[in-house]
Amino acid sequence: MRKWVPALLSPLLSALIVGFAHQAVAGEINLKVTIPTLNTAEYHRPYLAIWIENPDQSVEKNLAVWYSQKKTDKGEQSDKWLKDLRQWWRKSGRNQAMPLDGVTGATRPVGEQKLNFIEGKAPLGNLPAGQYNIVVESAREKGGRELVRVPFTWPAQKAVSAKATGQEELGAIVVELKP
Amino acid sequence: MKFIIALLSLVVSVSASIAHAHGTWITSSSTVLSAPQFVTFDAASSSVPFIIDHRPLVIDALSIIAPDSSKVLPVNVMKGELRTVFDAKFEQIGTYRLELLRSGFRANWKDAENKPKRFMGAAEALAKEVPADAKELKVTESISRMENFITVGKPSALKPTGSGLELVAGTHPNDLVVGEPVEFTFLVDGKPTEGVEVEMIRSQTRYRNKLDEKKYKTDKDGKIKVTFEEAGLYWLDADFKDNNVSNKLATERGLAYVLTLEVLPQ
């Protein structure tokens, strides 16, 4: 009796402590996504998807999908072009009904776009500890497509930041983690 | 007379495409859709896949099967000199199967005066056309299946029919990406079969000097493993011979399977 009770209790207790610790200070992911200025005759804002990817490249969480939700001149739904976010469409988009609450939104202009995600709150919610990538995929009408990955470890022990830069369709992608 | 010529040319074109399954194909303007819409198709037989240089494909036997198993009719069908064009509207979520099934018999023999004779056509006509005293009679049965897949939204599972030569893809055929290995299993009358010869050719052959065809042969489990090195449209052709004939006059059965695949970049 004496032997197994503490043995059973201690992991329970530590789990509780960790649980409380997490509740007390929720982790955060801050993203800066730069949509570059492109010198082109006809510019359309890109469709863009941001998600958290597992090491096996499956989608863990969708964070943001920016696309035009207006109907086209021919009266077609703009969903028609969502498939051009090829990797996102194949791994996540096609499996659910658009729009996604708290994830989908209008396209955004050129410049640095800031996003903030808080642990425990949608769309980030609870992310199990582990290795992940932030993936940003951009596809532009009459333009190109690009996908950028930024690896990170969750949860962060201290404030850290990681960065990657696209070559054509995306500028700097900065991932800032707060414990 | 005109009718006879038209009939003759039809027989020739059908038999030619059965005899040389090589070079028949259907391509689509899209394979992956995120919203219901029309897709347009080209169908032809040609010297090299996807290069329009020979004859339009007869699509009378084409079925477009929706995810709920209902059928969609092609519209705006235009038979040109070099290719057939048609449109179809894809409205349900899931995978549509286009299938063009053809079968027939080819007979060669010598008559009482030792003159070579031949016949091509269906089983009923075969019995009538081939005389009982035919010498050196050789009858071959041909069965071919040509497929294309179009997916709206989430792909749905594809079930083989269990008849003739068919393909079961380890990765959904509308889900192929450069660099990710795929396993294809070939079935003959529903059973994985060893020794099926498979050939694949990537599109845009006109803009390179090598045809660059890839050849495979299925292993004892009926499988081949493929890794696509480049994005593009691929023409897959599989052939197999056995003697499971459906008519006692025939001694050999030739099975063919053709599929157009689209492979996207990472």
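We name chains A, B, ... by the order of the sequence lines, and we start the count at 1 in each one.
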**Asked** Do A/E60 and A/Y132 touch side chain to side chain, with heavy atoms closer than 4.5 Å?
**Response** yes

**Asked** Of the options B/V258, B/V226, B/T260, B/L167, which is the one that meets B/L236 in a side-chain contact (heavy atoms from CB on, under 4.5 Å)?
**Response** B/L167

**Prompt:** Can you tell me how far the CH2 atom of A/W66 sits from the CD1 atom of A/I35, to the nearest 0.5 Å?
**Reply:** 5.5 Å

**Asked** Are the side chain of B/D219 and the backbone of B/D221 linked by a donor-acceptor contact shorter than 3.5 Å?
**Response** yes

**Message:** So does A/D79 get a backbone contact from the side chain of B/S34, meaning a donor-acceptor N/O pair under 3.5 Å?
**Reply:** yes

**Asked** Which residues in residues 91-105 of chain A have a heavy atom less than 4.5 Å from any heavy atom of chain B?
**Response** A/R94, A/N95

**Within residues 145-156 of chain B, residues adjacent to chain A where the heavy-atom gap is under 4.5 Å** = B/G153, B/K154, B/P155

**Item:** Region of A/L82 in contact with chain B, defined by heavy-atom distances below 4.5 Å
**Value:** both

**Message:** For B/E230 versus B/Y234, what's the shortest heavy-atom pair and its separation?
**Reply:** O-OH, 2.8 Å

**Request:** May I ask you to decide if the ring planes of B/F90 and B/F41 are parallel, tilted or perpendicular, using 30° and 60° as cut-offs?
**Result:** tilted

**Prompt:** So, the side chain of B/R202 versus the backbone of B/T205: is there a donor-acceptor pair under 3.5 Å, distance only?
**Reply:** no

**Message:** Can you give me the closest heavy-atom contact between B/P56 and B/G80, atom names plus distance?
**Reply:** CG-O, 3.2 Å

**Asked** Using a heavy-atom distance cut-off of less than 4.5 Å, which residues of residues 66-74 of chain B contact chain A?
**Response** none

Donor-acceptor pairs under 3.5 Å, side chain of residues 43-51 of chain A to any protein atom, not counting sequence neighbours: which ones?
unit_1	atom_1	unit_2	atom_2	d
A/H44	NE2	A/E42	OE2	2.6
A/R45	NH1	A/T107	O	3.2

**Prompt:** Would you say the side chains of A/E146 and A/S138 form a donor-acceptor pair under 3.5 Å?
**Reply:** no

**Message:** Set out, in order, the CA-CA distance, both residues' side-chain angles and the distance that settles salt bridge (charged side-chain N to carboxylate O under 4.0 Å, His left out) for B/D175 and A/R90, then state yes or no.
**Reply:** CA-CA 7 Å; B/D175 210 2; A/R90 153 173 201 262; 2.7 Å; yes

**Message:** Any side-chain to backbone donor/acceptor pair from B/S45 onto B/L57? Under 3.5 Å, distance only.
**Reply:** no

